Amino acid sequence: MYLSVVIPCMNEEASIPGLVTRLTQAIAPWKDRAEIILVDDGSTDATWKAIEVAQASCAQLVGVKLSANRGHQIALTAGLEAAQGERIFMLDADLQDPPELLVDMMFMMDRGFDVVYGRRSERQGETMFKKATAHLFYRFLNAMSDVPIPQDTGDFRLVNRRSLDAVLAMPEKARFIRGMFAWAGFKQVGIEYIRAPRALGETKYPFRAMMRFAIDAMTAFSTKPLKLATRLSFVSLLMATLMAVYVIYSLIVYQTAPGWASVVLAVSFFSGAQLLTLGILGEYIGRLYVEAKDRPLYFVSDDTRDMVPDVKRLRA
C-alpha cells in the first residue's frame, strides 16, 4: 500500500457521497495502491450506512466504526493506526479542505519533505468571531507552547510513514495531532490554500468544544500555565503589599478606616487569582489522572475489512 487517506466522520451522512467521489478522483494516479479509511466516530445518524453503501462502488474504501463517540482527535488516531500506506493523507469529511491539493502535497514530499501541511490563507464562509478566535488561538498557543506549531493550520496534511510512526509512538490520551507532528520534527513544509465554506451538515466544533480543544492543546505542549500561576501569586503578593501601604497611609494621614471599595477590590482580586491558580492546577492534575488510568483510546465495533461483529480492542 502506497497511499492511505484517513477521514474521521461524525454525523456526516450527507457529506459521504460527495466526499468519496472527490477523493476517488484525487487518488486516481495511485488508485491501485491506495486506500480510503473513513472512521465513524459514534455517529447518531446514518453515517455508517452511507459508508457501507459507498464501499459497494469504491473498492479502495475501508470503513471503521468506533463503539462510541471519542472525539475528532481520537477518531483520527484510530484511522492513522489502521492506515497501511507509506504516505498518509489526512482531511475532514466536510470538504472544506480540498482533497485535490493532494497532488501538490505529493510533489513536495517527492522533494524530500516528511510532512506537508495545509496553511489556510483565507477562511471562507466563517463568521468574524470564528476567524478572530482562530487567529488568536494559534498566536496565543505559540506564545505559551514550548514547541513552535505552524499557525493557521489544521490536521489537513500529508505525512510519510516514519513521521507517522513517531507520532503513534506517543502514548498520551489527550491528543493534539497537529502539535504532536510539530513536536516530532522532521522536515516539514506548508502549502497555502483557501478554505472553502462547509457545503453540507453542521460544524462539529461549537464554542464549548473549541475551548476544550484549546485547553488540551496548551496543557499538552507547555508548562507555562503552571509558571503563570506562580507569577500570578507574586503579583497578588505585590498588590496586597501596596494595598496594605495604602490602608496604613489612610489611617495615619486621613485618620479614617479603609473604605468598602478597597476591601471588595482586594477580596475579588485574591479570590480570582486563587481560583485561576486552582483551575490551572486542576487541568494538569486531571491529565495525570486520565493518563494514570491507562485506558484504551477507543474500541472498534465494526470494520468493513472483515465485518467481525465482536468489539475489538485495537489500542492497549
Side-chain angles (χ1 to χ4, degrees), residues 1-9 12 15-40 47 50-65 75-120 150 153-168 177-178 180-181 184 186-196 199 300 303-307 314:
M1 191 67 64
Y2 181 65
L3 174 65
S4 296
V5 182
V6 177
I7 310 100
C9 307
E12 296 288 356
S15 301
I16 297 298
L19 170 68
V20 173
T21 298
R22 288 180 62 179
L23 279 176
T24 303
Q25 296 171 352
I27 67 172
W30 311 276
K31 64 179 181 180
D32 296 330
R33 298 180 296 161
E35 63 179 354
I36 300 172
I37 302 174
L38 301 183
V39 182
D40 183 357
T47 294
I51 292 175
E52 291 179 319
V53 171
Q55 189 192 30
S57 60
C58 181
Q60 299 102 327
L61 195 146
V62 174
V64 176
K65 183 178 182 181
L76 180 57
T77 299
L80 294 175
E81 291 187 330
Q84 302 178 32
E86 287 301 314
R87 296 183 177 186
I88 301 89
F89 183 46
M90 293 172 269
L91 73 163
D92 291 337
D94 54 21
L95 290 175
Q96 289 185 272
D97 304 321
E100 293 78 12
L101 201 60
L102 173 62
V103 175
D104 294 334
M105 289 182 168
M106 293 287 273
F107 174 75
M108 295 302 294
M109 189 162 285
D110 289 338
R111 297 180 63 183
F113 291 98
D114 298 289
V115 177
V116 184
Y117 54 83
R119 187 193 303 274
R120 303 157 183 166
T153 63
D155 296 313
F156 179 48
R157 63 191 61 218
L158 176 71
V159 303
N160 62 15
R161 174 53 59 177
R162 74 166 181 169
S163 62
L164 176 61
D165 287 344
V167 168
L168 293 181
I177 301 296
R178 68 201 71 169
M180 295 165 74
F181 274 106
F186 300 105
K187 294 182 65 176
Q188 304 196 19
V189 67
I191 295 180
E192 289 194 349
Y193 71 101
I194 298 176
R195 194 168 200 241
V300 172
D303 190 326
T304 59
R305 288 171 294 192
D306 51 31
M307 300 304 295
L314 287 192

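Sequential numbering from 1 along the given sequence is applied to the chain's residues. What you are looking at is a predicted structure, and each value in this text was computed from that prediction instead of being measured.
- Residues L61 and A54 share a closest heavy-atom pair of CD1-CB, 3.9 Å.
- The ring of Y193 has its center closer than 6.0 angstrom to the ring center of F156.
- Using a 4.5 Å heavy-atom cutoff, the side chains of F181 and L164 are in contact.
- In this structure the side chain of I36 reaches within 4.5 angstrom of the side chain of I7, judged on heavy atoms.
- Between S15 and A93 the shortest heavy-atom distance is CB-O, 3.6 Å.
- Atom OH of Y117 sits about 10.0 Å away from atom CD of E192, to the nearest 0.5 Å.
- Nearest heavy atom pair, residue F89 against residue L102, reads CG-CD1, 3.8 Å.
- Between L38 and the choices T47, V6, V20, V62, the side-chain contact (heavy atoms from CB on, under 4.5 Å) rule is met once, by V20.
- To the nearest 0.5 Å, atoms CD (Q60) and CD1 (I37) are separated by 12.5 Å.
- Rounded to the nearest 0.5 angstrom, L80 CG and M90 CE are separated by 5.5 Å.
- Note that CG of L158 is 11.0 Å distant from CG of D104, once rounded to the nearest 0.5 Å.
- For the pair D92 (side chain) and D94 (backbone), a donor-acceptor distance under 3.5 Å is absent.
- Here the closest heavy-atom approach between residue M109 and residue N160 is recorded as CE-N, 3.6 Å.
- Side chains of M105 and R87 form no contact here, defined as non-hydrogen atoms less than 4.5 Å apart.
- Taking the side chain to side chain contact (heavy atoms under 4.5 Å, CB included) definition, one finds that D165 meets it with R161, sequence neighbours left out.
- Atom CZ of F107 has 12 or fewer neighbouring heavy atoms from other residues, nucleotides or ligands inside a 6.0 Å radius.
- Note that CD of E52 is 9.5 Å distant from CG of D40, once rounded to the nearest 0.5 Å.
- Applying the side chain to side chain contact (heavy atoms under 4.5 Å, CB included) rule to K187 yields the partners F113, D114; only residues at least two apart in sequence or on another chain are considered.
- Between M108 and I191, the shortest heavy-atom distance links the atoms CG-CD1, 3.7 Å.
- Residues E12 and L19 have side chains not in contact (no heavy-atom distance under 4.5 Å, counting atoms from C-beta outward).
- No donor-acceptor pair under 3.5 Å is formed between the side chain of Q55 and the backbone N or O of G63.
- In this structure, the side chains of V64 and I51 stay at 4.5 Å or more apart for every pair of heavy atoms.
- Between L91 and L101, every side-chain heavy-atom pair lies at or beyond the 4.5 Å cut-off.
- In this structure, CD1 on I177 lies 3.5 Å from OG1 on T77, to the nearest 0.5 angstrom.
- Contact record, I27 with L3: CG2-CD2, 3.9 Å, taken as the closest heavy-atom pair.
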